[in-house]
Amino acid sequence: MVSRIRIALVLSLGAVASVLLGRFAYAALFSVFQPYDDEGYFLVSLAGYLDGAPLYDQVYSQYGPFFHVAGGLILRVFGLEPVSDAARFVTLAMWLSASLILALLTLIVTRRGTIALGALLLSFGLLATLSNEPLHPGALIVVLLATIALVIALIPRWPRAASFALGAAAAALALTKTNVGGLSIVSIAFLLILLARPRKPVAIVASICFVATPGLLMLADLGQDAFRLYAIVVTLAAAGLALSLLRQIPGPNPGRLPIRWVVAGGAASALVVVSIVIARGTTVRSLLVGTVLAPLQQREAFSLPLHMPTWTIVWGVTGLAMALAWTLLAAQTDDADPNALPWLKLGAGAVIWLGLAGVAGVGGQMFALGLPVAWVAAVPPRGQPVRDHLLLLPAIAVLQTLHAYPVAGSQLTWSALLLVPTGAICLSDGLDLLWGRAGALSRSWRLVFRAAYVTLLGAFTAWLTLASLLPQHRAHRDAYATGVVMGLPGATRVRLPAAQVAVYRDVTELLRRDCSTFVGLPGMNSFYAFTGQEPPTYLNATAWMYLFDEPTQRQIIGQLRPIEDLCVLRNPELVQFWSQGRPLPQGPLLGYIDGQFEPVGRVAGYEILARSRVT
């Protein structure tokens, strides 16, 4: 009876939280339209896929095929068009789903509703940046990361099914964004090798590869101070975790993961996705280029370094030193947990969560504070059931912080997401250890102890709600309430400041009046939906000037030449935004625009260019 009541209570609270947080997310998503218009890039990419154009051969994308297969399926199932309103509804669902999945995972792992509630609010707050680029593959990525974390927690109950799902989700992640999926696969492979109880040299080599991952990933940019510091901080955290894992997994292993099922899940997922896109006309060569080679161009097209304060390297070294000291101490106390372990666990959990919440002056570097102590989550209290599966969480969480390379924009908060359950494990372990040692105390003191931890966690969630979530919600709510409805096709629910709406309406009207369609410099693809005009090509991207090679640009020119009343929509400020002070590459398409088109209209920072009468 108690368990049923508890389940009903959890479900009820989850439903209430979904409604309340859904209102927050709706106001945030429908009161913002970023001028750089990344969302238009994703919408046109999905539109081309849904129209049957072969992905990568005729539809440009820097992202893997799973984004298009899953995104296309969602839009078709719910009867949605790839437009701004639909992008926001889909993103809202993914935002809530990822937050609730992580809260459920935390509840399963910790069995504490207070910690699960904190995890829900913390995860939801971290994902608020999803409102910047609706339908960005990042929304799908965080759902997949949350799913990976959840199936890890379910491995003891359903070892084969959960292991299969783990492999499938990791493969889907790799086929959405190569670097993010690759980082999760490296982490999973590293832990599976250790759990297989290899000889010491093999374990050491696997650990070295794990620790070297940040440096190898950023190798081309290590000459820049910001990227070098970023790589060092993550490397120190990976070294501390590897040291802890090497100590924690010697000897027999009754909890070994079903490796064959993990591999089978990954292979099955990859086979299904690849088969779908190849059946739709994508060539194997184009699939390889689009999935692996094109994403490597991102750092050349646009990068946004993560500038971390210098104290982070000192804190990283301190975290590694603590891991080394703890490993040596644990080797001398095999019979019982050291007295300091509960406080180490609680301290690490608090530091991780407070860092994610943005306190202590950490600001945007939300993982800088907690990352060096993530290894503490891998220290299992003695006497507990075998839980080798949970070691996967901190291993994946540490390398996932590299997601913010090379662009530390919205990706920064997404990269820190799995530190939420990592901190929750530390907090729960610490409470379990203290509660176990409180058994000798009187009933009154045990009640005091329980009230103290509930009060502290309640204070944290209240502070997070009152100091962060509520002010953000009021700002978004006020922006939505005072905003003007865009009233353009595909954006009938989006509300923006009146001046911004006026500009978009005027640009749309000029394009409708004078142009059959247009090409953007840079890509401003949401205007295709606003005007109701078909894109002249599905080879579209925002910073195409840096992404498209010469053959691709010549292919686009061939598609543009026959179009009558073709225009160019140019915005010099956005060109500067993407160029970051660099000169524009003088490719064929830019030369075609400069040589064949002249200005005929202007609205604010937008210029309309039409073909010259004299060529």
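Note that the numbering runs from 1 along the sequence shown for the chain. What's counted below: heavy atoms across the whole structure, side chains too, no hydrogens, waters or symmetry copies.
- Side-chain atoms of Leu140 and Met94, non-hydrogen and from C-beta on, do get closer than 4.5 Å to each other.
- A distance-only check finds no donor-acceptor pair linking the side chain of Thr176 to the backbone of Phe66 [under 3.5 Å].
- Here the closest non-hydrogen pair linking Val407 and Ser303 is CG2-CA, 4.1 Å.
- Interatomic distance, CD1 of Ile101 versus OG1 of Thr106, reported as 11.5 Å (0.5 Å rounding).
- Within the 3.5 Å criterion, the main-chain N or O of Leu412 finds a donor-acceptor partner in the side chain of Ser415.
- Residues satisfying the ring pair (Phe, Tyr, Trp, His ring centres under 6.0 Å) test with Phe124, not counting sequence neighbours, are Phe24, Trp95.
- Between Gly240 and Leu320, the shortest heavy-atom distance links the atoms N-CD1, 3.5 Å.
- Looking at Arg112 and Asp432, a side-chain N of the basic residue comes within less than 4.0 Å of a carboxylate O on the acidic one, giving a salt bridge.
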Which side-chain N or O atoms in residues 209-217 pair as donor and acceptor under 3.5 Å with protein atoms at least two apart or in another chain?
| unit_1 | atom_1 | unit_2 | atom_2 | d |
| --- | --- | --- | --- | --- |
| Thr213 | OG1 | Cys209 | O | 2.9 |
| Thr213 | OG1 | Phe210 | O | 3.2 |

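- Here Tyr63 and His136 bring their ring centres to under 6.0 angstrom of each other.
- Note: Trp375 CH2 to Met322 CE = 5.5 Å, rounded to the nearest 0.5 Å.
- By the side-chain hydrogen bond (donor to acceptor under 3.5 Å, both in side chains) test, Gln62 is found to be paired with Tyr41, Gln298, residues two or more places apart in sequence or in another chain being considered.
- Residues forming a side-chain hydrogen bond (donor to acceptor under 3.5 Å, both in side chains) with Thr413 (at least two apart in sequence, or on another chain): Thr129.
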After noting the C-alpha distance and the side-chain angles of Val233 and Met308, does the key distance pass the side-chain contact (heavy atoms from CB on, under 4.5 Å) rule? CA-CA 9 Å; Val233 169; Met308 305 175 95; 4.1 Å; yes
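- Annotation: ring pair (Phe, Tyr, Trp, His ring centres under 6.0 Å) contacts of Phe227 (sequence neighbours excluded): Tyr405.
- Heavy atoms only, all atoms of each residue included: Leu419 and Ala374 are closest at CD2-CB, 4.3 Å.
- Leu96 has its side chain within reach of Leu92: a pair of non-hydrogen atoms, C-beta onward, lies under 4.5 Å apart.
- Note that the CG atom of Leu175 and the OG atom of Ser269 stand 6.5 Å from one another [nearest 0.5 Å].
- The OG atom of Ser184 sits 6.0 Å away from the CD atom of Gln400 when rounded to the nearest 0.5 Å.
- Although no hydrogens or angles enter the test, the distance criterion places a donor-acceptor pair under 3.5 Å between the side chain of Thr178 and the main chain of Thr291.
- In this structure, the side chains of Leu150 and Ile108 come closer than 4.5 Å at one or more pairs of heavy atoms.
- Counting heavy atoms from C-beta outward, Ile276 and Pro65 have side chains that stay 4.5 Å or more apart.
- Residues Ala378 and Pro380 come closest through the heavy atom pair O-CD, 3.1 Å.
- For the pair Leu346 and Cys426, the minimum side-chain heavy-atom distance is 4.5 Å or more.
- Rounding to the nearest 0.5 angstrom, the gap separating the CG atom in Leu427 from the CD1 atom in Ile115 is 5.5 Å.
- Partners of Phe460 by ring pair (Phe, Tyr, Trp, His ring centres under 6.0 Å), not counting sequence neighbours, listed by chain and number: Trp353.
- The side-chain hydrogen bond (donor to acceptor under 3.5 Å, both in side chains) analysis of residues 225-235, with sequence neighbours excluded, yields the pairs Asp225-Arg228.
- Scored by the side-chain contact (heavy atoms from CB on, under 4.5 Å) test, Ala206 finds Phe190, Ile193 as partners (sequence neighbours excluded).
- A side-chain donor-acceptor contact under 3.5 Å links Thr465 to the backbone of Thr461.
- Between Leu246 and Lys200, every side-chain heavy-atom pair lies at or beyond the 4.5 Å cut-off.
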Show your working on side-chain contact (heavy atoms from CB on, under 4.5 Å) between Ile141 and Leu144 and close with a plain yes or no. CA-CA 5 Å; Ile141 286 169; Leu144 289 170; 5.6 Å; no
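- Sorted by first and then second residue, the side-chain hydrogen bond (donor to acceptor under 3.5 Å, both in side chains) pairs with a member in residues 340-352 read Lys345-Asp429; sequence neighbours excluded.
- Here the closest heavy-atom approach between residue Leu120 and residue Ser99 is recorded as CD1-O, 3.6 Å.
- Formation of a donor-acceptor pair under 3.5 Å by the Ser428 side chain with backbone atoms of Ala424 is not found in this model.
- Contact of the Thr318 side chain with the Pro372 side chain is not registered, since no non-hydrogen atoms from C-beta on lie closer than 4.5 Å.
- The shortest distance between side-chain heavy atoms of Leu369 and Ile352 does not fall below 4.5 Å.
- For Ala98, the side-chain contact (heavy atoms from CB on, under 4.5 Å) test picks out Leu127, Val142, Val143, Ala146, with sequence neighbours left out.
- Here the CG atom belonging to Leu243 is positioned 13.5 Å from the CH2 atom belonging to Trp326, to the nearest 0.5 angstrom.
- Taking each heavy atom of Ile313 and Leu236 in turn, the nearest pair found is O-CD1, 3.9 Å.
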Donor-acceptor contacts, no H, no angles, side chain residues 159-171, under 3.5 Å, sequence neighbours left out:
| unit_1 | atom_1 | unit_2 | atom_2 | d |
| --- | --- | --- | --- | --- |
| Ser163 | OG | Pro159 | O | 2.6 |

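- Looking at residues two or more places apart in sequence or on another chain, you find a side-chain hydrogen bond (donor to acceptor under 3.5 Å, both in side chains) between Ser410 and Asn132, Glu133.
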